[in-house]
There are 2 protein chains.
Amino acid sequence: MLTIFIDAVLWGGNTLSVLISKKPDRPLRPPVSKKIVRSLREQITDALRSEVLAGEWTNEAPMREHALAERFGVSRGPIRDALLQLSQEGVLVYSPNKGVRVNTPPAEAERLLLQSMRREMETFCIGRCMKHLTEADDEQLEGILAELTRACERADLSAIADADLALHRYLVRRASRELEGVWQSIASRLLMDYSRIDRLDQIVAEHEAIVRAVKKRNLKAAQKAINANII
Amino acid sequence: MLTIFIDAVLWGGNTLSVLISKKPDRPLRPPVSKKIVRSLREQITDALRSEVLAGEWTNEAPMREHALAERFGVSRGPIRDALLQLSQEGVLVYSPNKGVRVNTPPAEAERLLLQSMRREMETFCIGRCMKHLTEADDEQLEGILAELTRACERADLSAIADADLALHRYLVRRASRELEGVWQSIASRLLMDYSRIDRLDQIVAEHEAIVRAVKKRNLKAAQKAINANII
DNA sequence: ACTTTGTAAAATGTTAACAATTTTTATTGA
DNA sequence: TCAATAAAAATTGTTAACATTTTACAAAGT
């Protein structure tokens, strides 16, 4: 794998330009304890997921591998990996020899089922991780919450989707690394019509309630807040 | 994509040899109505999944891409795709730069949660597809059941895992193509200790009960039979 | 005008070579 | 003998070229 350094992320209209270099011009500060290296595939997957969930792609036109490869400055290999992963996650739909498109939101009945399953999962996860959460976790959650707040203030749907998922994912991860994959594919499908969200302040309020309850180590309140947020 | 023709599948001890040729020596009968082409990735994914679920791989040694590529007679590309997909499914565990290993079965608490979610899903699916099932579906289910029976008779764990999953997958698919991916990753994780199954006759009996209830279009009985089978 | 057919372009599927990383093995030193 | 270090092998990550399939478009025929 290639350890890459993102020098800058430029946001301009519909294109996201990420400058990637193999070595930094000057040495960055040494890794704190363990270096976190994310594969190209993982980075591209996350970038594309948040874009799709933010509604920046329609399902009219297929997403072209070549164009994406050029945009991210990599070859088609990692792009294909990312598209394949997002297809399994339910964000994209894959057709053999035809490429991928954005998936459509689940029908009402499916949505209710997935919602119920997500509630079941997150209720389980918060109940499992609550007891061994530390102040460091509180800080992390506050950080994600701050990011979510900033993203809502500037109405950046892509960043909002990122932060929203990140907060929930953090709690799932603390409970069970094993369940993260299942959770992701359920949550992604439920957020497929995220772009229709309009009340941004409500998103902040709901997540503030979650973090508040978690910091107080109040399990019942946390579960209630989470269930209120999963709609 | 490459349409491949499997000339023979040779099973000998721990190695599976599949002879693949691009063109058949003499023309086969033309496709019935629509040709069903499964990508290399899909075929390899299915083959490896049933092997892992049957306990033919330990999680001691990592699965090597090169060895698998040679065994299947393809390059490492499709192998990597399959391994990536199975990692997302929870069958394998992926470590950057180190390859994949067989995942360990979920802990008791996780298993109970996944079980509950699988029951919820399949109960939903059978309730949704029951009304529009036809006699053609009954035949398909009978066919899968027959395959399961034969597999149990010769105690072929790999084939048993295949047929078991195929039967449930059939009903999920009939209800919702959208939910299939989520279902697969839950079911795979639950079957991670499939090799410990010893009462093969019980497997057959449980699935016979499911098919019997479905053929009678008895929803309650079908849901009961399915729930009894998910343990 | 409409359908059909053939050709070219564009897209995905696959492969093999190369790059980077990890693991193993051998060597050197105390 | 053991530990530390360096070279070598093995393995995964990435790329670019090639193969196959699909799609778009134009020409010909009815």
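Please read all numbers here as calculations on a predicted model, not as lab measurements. Below, read A as the first sequence line, B as the second, and so on, with proteins coming before strands; counting in each chain starts at 1.
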Colleague: What's the CG-C1' distance between A/N97 and D/dT22, to the nearest Å?
Modeller: 7 Å
Colleague: Using whole Å, report how far CD1 of B/I44 lies from C1' of C/dT14.
Modeller: 11 Å
Colleague: I'd like to know if the side chain of A/D137 reaches the main chain of A/T134, judged simply by a donor and an acceptor atom lying under 3.5 Å from each other, with no hydrogens or angles considered.
Modeller: yes
Colleague: Looking at C/dT15, D/dG13, D/dT21, which one has an atom nearest to any side-chain atom of B/L40?
Modeller: C/dT15
Colleague: So that I can tick it off, tell me whether A/R64 and A/E70 are bridged by a salt bridge, with the cut-off set at under 4.0 angstrom between side-chain N and carboxylate O.
Modeller: no
Colleague: Is the distance from OP1 or OP2 of C/dT21 to the nearest side-chain N or O of B/K98 less than 4.0 Å?
Modeller: no
Colleague: Which part of the nucleic acid, if any, lies within contact of A/G77, taking any heavy atom under 4.0 Å across all strands shown: a base, the sugar-phosphate backbone alone, or nothing?
Modeller: base
Colleague: Choose from D/dT15, C/dT15, C/dG13 the nucleotide whose nearest atom is closest to any side-chain atom of B/V74.
Modeller: C/dT15
Colleague: Distance check needed: C/dT12 P versus A/H66 NE2, whole Å only.
Modeller: 10 Å
Colleague: Taking C-beta and beyond as the side chain, do A/M192 and A/T104 meet within less than 4.5 Å on heavy atoms?
Modeller: no
Colleague: Atom CZ of B/R76 to atom P of C/dC18: distance rounded to whole Å?
Modeller: 14 Å
Colleague: Do NZ/NE/NH1/NH2 and the carboxylate oxygens of B/E178 and B/R128 come within less than 4.0 Å?
Modeller: no
Colleague: Quick check: do B/V100 and B/E65 have side-chain heavy atoms less than 4.5 Å from each other?
Modeller: no
Colleague: Does B/R64 place a side-chain N or O at less than 4.0 Å from the phosphate oxygens OP1/OP2 of D/dT12?
Modeller: yes
Colleague: Check whether any side-chain nitrogen or oxygen of B/R80 sits under 4.0 Å from OP1 or OP2 of D/dG13, and answer yes or no.
Modeller: yes
Colleague: Measure CG/B/D81 against P/D/dT14 and give the value in whole Å, please.
Modeller: 13 Å
Colleague: Whole angstrom is fine here: how far is it from CE in B/M63 over to C1' in D/dA10?
Modeller: 18 Å
Colleague: Taking OH from B/Y94 and C1' from D/dT11, how many angstroms apart are they, rounded to a whole number?
Modeller: 12 Å
Colleague: Would you mind reading off the distance between A/E42 atom CD and D/dG13 atom C1', rounded to a whole angstrom?
Modeller: 14 Å
